[in-house]
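Note sheet for the following structure.
We count residues from 1, following the sequence as given. Note that the structure is a prediction, hence the values are computed from the model and not measured. When a ligand or atom number is given, it counts from 1 through the structure's own listing order.
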Amino acid sequence: MIVDLRSDTVTKPTVAMRLAMAEAAVGDDVFGEDPSLAALESRVAAMLGKDAGLFVPSGTMANQIAIRLLTQPGDEVILEASAHPFLYEAGGPAVISGVTLRLVPGERGLLDPDDVRAAVRPPNVHHAMPTLLSVENTANRGGGTVTTLSRARALGAVAREAGLATHLDGARLWNAHIATGTPLAELAGPFDVVNVCFSKGLGAPVGSVLCCSAGQIARARRIRKMLGGGMRQAGILGAACLHALDHHVARLADDHRRARGLAEGLLAAGWDVALPETNLVYVRCADAHAVVAGLAARGVRAIALAHDQVRLVTHLDVDDEGIAHALGAFGDLRRAAAR
Ligand SMILES: Cc1ncc(COP(=O)(O)O)c(C=O)c1O
(Lines give C-alpha, C1' and ligand atoms only; values in the text may rest on other atoms or scores of the structure.)
Protein backbone atom coordinates (compact mmCIF):
# COMPACT_ATOMS: atom_id res chain seq x y z
CA MET A 1 0.00 0.00 0.00
CA ILE A 2 1.28 3.49 -0.89
CA VAL A 3 -0.12 6.46 1.05
CA ASP A 4 0.88 9.80 -0.43
CA LEU A 5 0.81 12.47 2.28
CA ARG A 6 3.23 14.87 0.60
CA SER A 7 0.63 17.45 -0.45
CA ASP A 8 -3.04 17.98 -1.19
CA THR A 9 -1.96 18.77 -4.76
CA VAL A 10 -1.19 15.10 -5.55
CA THR A 11 -4.85 14.09 -5.98
CA LYS A 12 -6.00 12.56 -9.27
CA PRO A 13 -9.31 13.69 -10.81
CA THR A 14 -12.12 11.28 -9.95
CA VAL A 15 -14.02 9.43 -12.66
CA ALA A 16 -17.04 11.68 -12.08
CA MET A 17 -14.83 14.77 -12.43
CA ARG A 18 -13.34 13.44 -15.68
CA LEU A 19 -16.85 12.82 -17.02
CA ALA A 20 -17.86 16.38 -16.16
CA MET A 21 -14.75 17.61 -17.99
CA ALA A 22 -15.53 15.50 -21.05
CA GLU A 23 -19.03 16.91 -21.24
CA ALA A 24 -18.07 20.57 -20.67
CA ALA A 25 -19.48 23.23 -22.96
CA VAL A 26 -16.46 25.19 -24.23
CA GLY A 27 -15.49 28.16 -26.38
CA ASP A 28 -12.44 30.40 -26.88
CA ASP A 29 -11.99 32.09 -23.51
CA VAL A 30 -9.57 34.72 -24.83
CA PHE A 31 -12.54 35.83 -26.98
CA GLY A 32 -14.69 35.64 -23.81
CA GLU A 33 -16.69 32.76 -25.27
CA ASP A 34 -16.25 29.87 -22.82
CA PRO A 35 -19.55 29.25 -21.03
CA SER A 36 -18.12 26.86 -18.43
CA LEU A 37 -15.46 29.35 -17.34
CA ALA A 38 -17.98 32.18 -17.29
CA ALA A 39 -20.22 30.08 -15.04
CA LEU A 40 -17.32 29.20 -12.74
CA GLU A 41 -16.08 32.79 -12.50
CA SER A 42 -19.46 34.24 -11.63
CA ARG A 43 -20.25 31.43 -9.18
CA VAL A 44 -16.97 31.86 -7.28
CA ALA A 45 -17.28 35.66 -7.27
CA ALA A 46 -20.75 35.33 -5.74
CA MET A 47 -19.46 32.86 -3.12
CA LEU A 48 -16.71 35.31 -2.15
CA GLY A 49 -18.97 38.37 -2.26
CA LYS A 50 -17.00 40.08 -5.04
CA ASP A 51 -18.14 41.61 -8.34
CA ALA A 52 -16.27 39.37 -10.74
CA GLY A 53 -13.87 36.45 -11.11
CA LEU A 54 -11.06 35.45 -13.43
CA PHE A 55 -9.87 31.88 -14.04
CA VAL A 56 -6.09 31.41 -13.98
CA PRO A 57 -3.98 28.25 -14.27
CA SER A 58 -2.35 28.34 -10.83
CA GLY A 59 -2.30 29.83 -7.37
CA THR A 60 1.09 31.29 -8.16
CA MET A 61 -0.23 33.18 -11.18
CA ALA A 62 -3.22 34.39 -9.15
CA ASN A 63 -0.93 35.76 -6.43
CA GLN A 64 1.33 37.42 -8.97
CA ILE A 65 -1.59 39.03 -10.80
CA ALA A 66 -2.98 40.31 -7.48
CA ILE A 67 0.36 41.87 -6.51
CA ARG A 68 0.80 43.43 -9.98
CA LEU A 69 -2.74 44.75 -9.86
CA LEU A 70 -2.39 46.40 -6.46
CA THR A 71 1.14 47.87 -6.58
CA GLN A 72 3.51 50.02 -8.62
CA PRO A 73 7.21 49.24 -9.15
CA GLY A 74 9.20 50.37 -6.12
CA ASP A 75 6.36 49.70 -3.65
CA GLU A 76 6.64 47.47 -0.60
CA VAL A 77 4.30 44.54 0.09
CA ILE A 78 3.76 43.49 3.71
CA LEU A 79 3.25 39.79 4.28
CA GLU A 80 3.94 37.06 6.82
CA ALA A 81 7.52 35.75 6.80
CA SER A 82 6.58 32.30 5.48
CA ALA A 83 4.02 33.47 2.92
CA HIS A 84 3.89 31.62 -0.38
CA PRO A 85 4.81 34.55 -2.67
CA PHE A 86 8.02 34.99 -0.66
CA LEU A 87 9.05 31.35 -0.20
CA TYR A 88 7.79 29.58 -3.28
CA GLU A 89 7.12 31.85 -6.25
CA ALA A 90 10.60 32.08 -7.77
CA GLY A 91 11.09 35.75 -6.97
CA GLY A 92 7.99 36.67 -8.98
CA PRO A 93 7.08 39.83 -7.02
CA ALA A 94 10.50 41.34 -7.81
CA VAL A 95 10.42 40.37 -11.48
CA ILE A 96 6.77 40.81 -12.39
CA SER A 97 5.83 43.75 -10.17
CA GLY A 98 9.20 45.30 -9.23
CA VAL A 99 8.24 45.36 -5.56
CA THR A 100 10.10 44.62 -2.35
CA LEU A 101 8.66 42.35 0.33
CA ARG A 102 8.48 43.34 3.98
CA LEU A 103 8.31 40.14 6.01
CA VAL A 104 6.48 40.18 9.33
CA PRO A 105 7.02 37.02 11.41
CA GLY A 106 3.75 35.60 12.72
CA GLU A 107 2.78 32.96 15.25
CA ARG A 108 2.28 29.72 13.23
CA GLY A 109 1.98 31.81 10.07
CA LEU A 110 -0.70 34.10 11.49
CA LEU A 111 -0.18 37.85 11.22
CA ASP A 112 -0.77 39.95 14.32
CA PRO A 113 -2.54 43.22 13.38
CA ASP A 114 -0.32 45.18 15.82
CA ASP A 115 2.81 43.81 14.13
CA VAL A 116 1.43 44.88 10.75
CA ARG A 117 0.70 48.37 12.07
CA ALA A 118 4.26 48.58 13.40
CA ALA A 119 5.67 47.44 10.04
CA VAL A 120 4.03 50.27 8.08
CA ARG A 121 6.72 52.86 7.59
CA PRO A 122 5.81 56.55 7.43
CA PRO A 123 6.38 58.48 4.19
CA ASN A 124 10.07 59.27 3.88
CA VAL A 125 12.26 59.77 0.83
CA HIS A 126 14.42 56.81 1.92
CA HIS A 127 11.61 54.27 2.13
CA ALA A 128 9.99 51.95 -0.34
CA MET A 129 6.37 52.86 0.33
CA PRO A 130 4.13 50.06 1.63
CA THR A 131 0.99 49.90 -0.49
CA LEU A 132 -0.27 46.34 -0.06
CA LEU A 133 -0.97 43.84 2.73
CA SER A 134 -1.13 40.21 1.58
CA VAL A 135 -2.58 37.55 3.90
CA GLU A 136 -2.61 33.74 3.47
CA ASN A 137 -5.61 31.76 4.76
CA THR A 138 -5.04 29.01 5.69
CA ALA A 139 -1.31 29.54 6.28
CA ASN A 140 0.53 26.68 4.59
CA ARG A 141 3.89 26.88 6.40
CA GLY A 142 2.10 27.85 9.60
CA GLY A 143 0.58 24.35 9.66
CA GLY A 144 -2.74 25.03 7.93
CA THR A 145 -3.67 27.61 10.56
CA VAL A 146 -6.81 29.68 10.14
CA THR A 147 -7.00 33.47 10.04
CA THR A 148 -10.33 33.81 11.84
CA LEU A 149 -12.92 36.37 10.83
CA SER A 150 -12.05 38.65 13.75
CA ARG A 151 -8.34 38.55 12.88
CA ALA A 152 -9.11 39.10 9.18
CA ARG A 153 -11.25 42.12 10.03
CA ALA A 154 -8.59 43.54 12.35
CA LEU A 155 -5.95 43.12 9.63
CA GLY A 156 -8.25 44.78 7.09
CA ALA A 157 -8.84 47.69 9.49
CA VAL A 158 -5.09 48.21 10.03
CA ALA A 159 -4.54 48.16 6.27
CA ARG A 160 -7.32 50.67 5.65
CA GLU A 161 -6.02 53.02 8.36
CA ALA A 162 -2.58 52.89 6.72
CA GLY A 163 -3.95 53.31 3.20
CA LEU A 164 -2.84 49.83 2.08
CA ALA A 165 -4.70 47.72 -0.47
CA THR A 166 -5.44 44.16 0.68
CA HIS A 167 -4.94 40.75 -0.95
CA LEU A 168 -6.00 37.34 0.35
CA ASP A 169 -4.15 34.25 -0.88
CA GLY A 170 -7.02 31.87 -0.26
CA ALA A 171 -5.46 28.78 -1.83
CA ARG A 172 -7.00 26.87 1.09
CA LEU A 173 -9.75 29.31 2.07
CA TRP A 174 -12.15 26.38 1.62
CA ASN A 175 -10.43 24.65 4.54
CA ALA A 176 -10.74 27.77 6.72
CA HIS A 177 -14.44 27.95 5.83
CA ILE A 178 -15.10 24.30 6.66
CA ALA A 179 -13.00 24.36 9.86
CA THR A 180 -14.76 27.44 11.28
CA GLY A 181 -18.19 27.41 9.64
CA THR A 182 -17.63 31.07 8.69
CA PRO A 183 -19.13 31.87 5.27
CA LEU A 184 -16.56 32.33 2.52
CA ALA A 185 -17.86 35.81 1.72
CA GLU A 186 -17.21 36.91 5.30
CA LEU A 187 -13.67 35.52 5.33
CA ALA A 188 -13.07 37.29 2.00
CA GLY A 189 -14.86 40.49 3.01
CA PRO A 190 -11.93 42.48 4.44
CA PHE A 191 -9.83 42.01 1.27
CA ASP A 192 -9.89 43.86 -2.07
CA VAL A 193 -8.62 40.94 -4.16
CA VAL A 194 -9.06 37.29 -3.19
CA ASN A 195 -7.93 34.12 -4.97
CA VAL A 196 -8.92 30.53 -4.27
CA CYS A 197 -7.40 27.28 -5.63
CA PHE A 198 -9.13 24.20 -6.97
CA SER A 199 -6.04 22.02 -7.35
CA LYS A 200 -5.39 21.56 -3.62
CA GLY A 201 -8.03 20.22 -1.24
CA LEU A 202 -10.75 20.35 -3.89
CA GLY A 203 -9.05 17.78 -6.11
CA ALA A 204 -9.20 19.48 -9.53
CA PRO A 205 -6.17 19.05 -11.82
CA VAL A 206 -5.66 22.77 -12.50
CA GLY A 207 -7.09 26.13 -11.63
CA SER A 208 -7.56 29.14 -9.42
CA VAL A 209 -10.08 31.96 -9.55
CA LEU A 210 -9.14 35.53 -8.68
CA CYS A 211 -12.00 37.77 -7.54
CA CYS A 212 -12.21 41.55 -7.18
CA SER A 213 -14.19 44.58 -8.40
CA ALA A 214 -15.46 44.81 -11.96
CA GLY A 215 -12.98 47.60 -12.70
CA GLN A 216 -10.02 45.62 -11.38
CA ILE A 217 -10.99 42.46 -13.25
CA ALA A 218 -10.43 44.11 -16.65
CA ARG A 219 -6.88 45.03 -15.61
CA ALA A 220 -6.35 41.57 -14.10
CA ARG A 221 -7.40 40.01 -17.42
CA ARG A 222 -4.76 42.06 -19.21
CA ILE A 223 -2.05 41.02 -16.72
CA ARG A 224 -3.11 37.38 -17.12
CA LYS A 225 -2.67 37.74 -20.89
CA MET A 226 0.77 39.30 -20.39
CA LEU A 227 1.81 36.30 -18.26
CA GLY A 228 0.56 33.82 -20.84
CA GLY A 229 -2.41 32.72 -18.76
CA GLY A 230 -5.10 33.47 -21.33
CA MET A 231 -6.27 30.00 -22.42
CA ARG A 232 -8.65 28.90 -25.13
CA GLN A 233 -11.14 26.02 -24.51
CA ALA A 234 -10.29 26.07 -20.82
CA GLY A 235 -13.88 25.24 -19.88
CA ILE A 236 -12.68 21.64 -19.77
CA LEU A 237 -10.68 22.70 -16.71
CA GLY A 238 -13.45 24.94 -15.43
CA ALA A 239 -15.85 21.98 -15.48
CA ALA A 240 -13.54 20.12 -13.10
CA CYS A 241 -13.65 23.11 -10.74
CA LEU A 242 -17.45 23.36 -10.96
CA HIS A 243 -17.67 19.65 -10.17
CA ALA A 244 -15.34 20.19 -7.19
CA LEU A 245 -17.59 22.96 -5.87
CA ASP A 246 -20.57 20.62 -6.02
CA HIS A 247 -18.88 17.56 -4.53
CA HIS A 248 -15.60 18.28 -2.76
CA VAL A 249 -16.09 21.24 -0.43
CA ALA A 250 -18.13 19.76 2.44
CA ARG A 251 -15.95 16.64 2.47
CA LEU A 252 -12.92 18.70 3.55
CA ALA A 253 -14.24 18.00 7.06
CA ASP A 254 -13.10 14.39 6.49
CA ASP A 255 -9.57 15.60 5.68
CA HIS A 256 -9.54 17.67 8.85
CA ARG A 257 -10.81 14.77 10.96
CA ARG A 258 -8.14 12.47 9.49
CA ALA A 259 -5.38 15.04 10.00
CA ARG A 260 -6.43 15.40 13.63
CA GLY A 261 -6.56 11.61 14.09
CA LEU A 262 -3.12 11.30 12.54
CA ALA A 263 -1.67 14.00 14.79
CA GLU A 264 -3.29 12.54 17.91
CA GLY A 265 -1.95 9.09 17.05
CA LEU A 266 1.53 10.51 16.54
CA LEU A 267 1.38 12.46 19.79
CA ALA A 268 0.29 9.34 21.65
CA ALA A 269 3.28 7.52 20.15
CA GLY A 270 5.65 10.21 21.42
CA TRP A 271 6.21 12.29 18.28
CA ASP A 272 6.45 16.08 18.52
CA VAL A 273 3.37 17.29 16.63
CA ALA A 274 1.09 20.33 16.79
CA LEU A 275 -2.60 19.44 16.60
CA PRO A 276 -3.80 20.72 13.22
CA GLU A 277 -6.67 23.14 12.65
CA THR A 278 -7.18 21.85 9.09
CA ASN A 279 -5.42 19.31 6.85
CA LEU A 280 -1.68 19.99 7.33
CA VAL A 281 0.30 18.11 10.00
CA TYR A 282 3.86 19.14 10.84
CA VAL A 283 6.09 16.74 12.76
CA ARG A 284 9.26 17.99 14.45
CA CYS A 285 12.10 15.47 14.58
CA ALA A 286 15.88 15.36 14.77
CA ASP A 287 16.46 14.21 11.19
CA ALA A 288 13.51 14.85 8.87
CA HIS A 289 15.25 13.38 5.83
CA ALA A 290 15.89 10.10 7.65
CA VAL A 291 12.24 9.98 8.78
CA VAL A 292 11.01 10.65 5.22
CA ALA A 293 13.29 7.90 3.87
CA GLY A 294 12.12 5.49 6.58
CA LEU A 295 8.49 6.27 5.81
CA ALA A 296 9.06 5.83 2.06
CA ALA A 297 10.51 2.37 2.72
CA ARG A 298 7.21 1.57 4.47
CA GLY A 299 4.96 2.90 1.69
CA VAL A 300 4.27 6.36 3.13
CA ARG A 301 5.27 9.43 1.17
CA ALA A 302 5.97 12.63 3.11
CA ILE A 303 8.05 15.78 2.62
CA ALA A 304 10.93 17.14 4.71
CA LEU A 305 10.25 20.87 4.69
CA ALA A 306 13.29 21.57 6.87
CA HIS A 307 16.03 19.43 8.40
CA ASP A 308 13.83 19.01 11.49
CA GLN A 309 10.33 19.18 10.04
CA VAL A 310 8.21 16.61 8.18
CA ARG A 311 4.93 17.60 6.55
CA LEU A 312 1.95 15.26 6.20
CA VAL A 313 -1.16 16.37 4.33
CA THR A 314 -4.57 14.74 4.19
CA HIS A 315 -6.65 15.00 1.02
CA LEU A 316 -9.24 13.43 -1.26
CA ASP A 317 -7.09 10.39 -2.06
CA VAL A 318 -6.31 9.42 1.56
CA ASP A 319 -8.82 7.37 3.53
CA ASP A 320 -8.98 6.03 7.10
CA GLU A 321 -7.02 2.95 6.10
CA GLY A 322 -4.26 5.20 4.74
CA ILE A 323 -4.05 7.06 8.04
CA ALA A 324 -3.84 3.77 9.96
CA HIS A 325 -1.09 2.64 7.59
CA ALA A 326 0.84 5.88 8.13
CA LEU A 327 0.55 5.55 11.92
CA GLY A 328 1.80 1.97 11.63
CA ALA A 329 4.82 3.17 9.64
CA PHE A 330 5.66 5.84 12.22
CA GLY A 331 5.32 3.23 15.00
CA ASP A 332 7.64 0.92 13.11
CA LEU A 333 10.21 3.72 12.76
CA ARG A 334 10.11 4.32 16.50
CA ARG A 335 10.62 0.63 17.23
CA ALA A 336 13.46 0.41 14.71
CA ALA A 337 15.18 3.41 16.32
CA ALA A 338 14.83 1.87 19.80
CA ARG A 339 16.51 -1.39 18.72
C1 LIG B 1 -0.88 29.13 0.23
C2 LIG B 1 -0.52 28.84 -1.20
N3 LIG B 1 -0.64 29.81 -2.11
C4 LIG B 1 -0.35 29.62 -3.39
C5 LIG B 1 0.08 28.39 -3.85
C6 LIG B 1 0.45 28.23 -5.29
O7 LIG B 1 -0.40 27.39 -5.98
P8 LIG B 1 0.08 26.68 -7.34
O9 LIG B 1 0.90 25.50 -6.94
O10 LIG B 1 -1.23 26.32 -7.98
O11 LIG B 1 0.85 27.67 -8.14
C12 LIG B 1 0.21 27.32 -2.94
C13 LIG B 1 0.68 26.00 -3.39
O14 LIG B 1 0.76 25.05 -2.67
C15 LIG B 1 -0.08 27.57 -1.58
O16 LIG B 1 0.06 26.61 -0.65
Side-chain angles (χ1 to χ4, degrees), residues 4-13 40 44 48 54-69 77 79-93 95-97 101 103 106 108-111 132-147 152 166-177 179 184 187-188 191 193-211 223-224 227-229 231 234 237-238 240-241 244 252 255 259 276-282 302-303 305 309 311-316:
D4 195 342
L5 297 171
R6 288 172 301 161
S7 173
D8 47 9
T9 58
V10 301
T11 54
K12 309 263 171 50
L40 176 69
V44 177
L48 297 178
L54 184 71
F55 183 79
V56 298
S58 67
T60 298
M61 190 183 286
N63 283 344
Q64 295 302 325
I65 291 174
I67 293 170
R68 184 74 192 85
L69 188 61
V77 180
L79 69 186
E80 205 278 328
S82 61
H84 202 275
F86 170 62
L87 282 186
Y88 299 124
E89 300 190 11
V95 177
I96 294 165
S97 300
L101 302 181
L103 304 177
R108 292 177 305 130
L110 300 177
L111 280 171
L132 173 61
L133 171 67
S134 179
V135 175
E136 188 174 304
N137 197 8
T138 64
N140 179 346
R141 285 302 308 264
T145 45
V146 174
T147 293
T166 45
H167 164 236
L168 178 63
D169 174 357
R172 295 186 181 79
L173 195 65
W174 318 106
N175 297 84
H177 159 60
L184 287 160
L187 291 170
F191 303 94
V193 175
V194 179
N195 42 272
V196 287
C197 275
F198 292 86
S199 59
K200 310 208 163 46
L202 296 200
V206 174
S208 285
V209 173
L210 175 120
C211 295
I223 299 167
R224 182 184 72 173
L227 298 177
M231 296 180 288
L237 304 172
C241 302
L252 290 171
D255 295 346
E277 295 177 20
T278 56
N279 67 326
L280 309 180
V281 178
Y282 284 80
I303 284 186
L305 278 186
Q309 201 179 42
R311 189 180 76 170
L312 308 165
V313 187
T314 55
H315 53 73
L316 190 57

Those residues at least two apart in sequence (or on a different chain) that pass side chain to side chain contact (heavy atoms under 4.5 Å, CB included) with Ala259 are Pro276, Val281, Thr314
Contacts of Ala188 that satisfy side chain to side chain contact (heavy atoms under 4.5 Å, CB included) - sequence neighbours left out
Leu48, Lys50, Val194
Which atom pairs, nitrogen or oxygen on both sides, join ligand 1 and the protein at under 3.5 angstrom?
| from | atom 1 | to | atom 2 | distance (Å) |
| --- | --- | --- | --- | --- |
| ligand 1 | 3 (N) | Asp169 | OD1 | 3.2 |
| ligand 1 | 3 (N) | Asp169 | OD2 | 2.7 |
| ligand 1 | 7 (O) | Lys200 | NZ | 3.0 |
| ligand 1 | 10 (O) | Gly59 | N | 2.9 |
| ligand 1 | 10 (O) | Lys200 | NZ | 3.1 |
| ligand 1 | 11 (O) | Gly59 | N | 3.4 |
| ligand 1 | 11 (O) | Thr60 | N | 2.9 |
| ligand 1 | 11 (O) | Thr60 | OG1 | 2.6 |
| ligand 1 | 16 (O) | Asn140 | ND2 | 2.9 |
| ligand 1 | 16 (O) | Arg172 | NH1 | 2.8 |

Please check: side-chain N/O of Arg172 versus main-chain N/O of Asn279, any donor-acceptor pairing under 3.5 Å?
no
Asn140 and Arg311: side-chain donor and acceptor closer than 3.5 Å?
yes
Arg141/Glu80 salt bridge by N-O under 4.0 Å criterion
no
Using salt bridge (charged side-chain N to carboxylate O under 4.0 Å, His left out) as the criterion, list what pairs up with Glu89, not counting sequence neighbours.
none
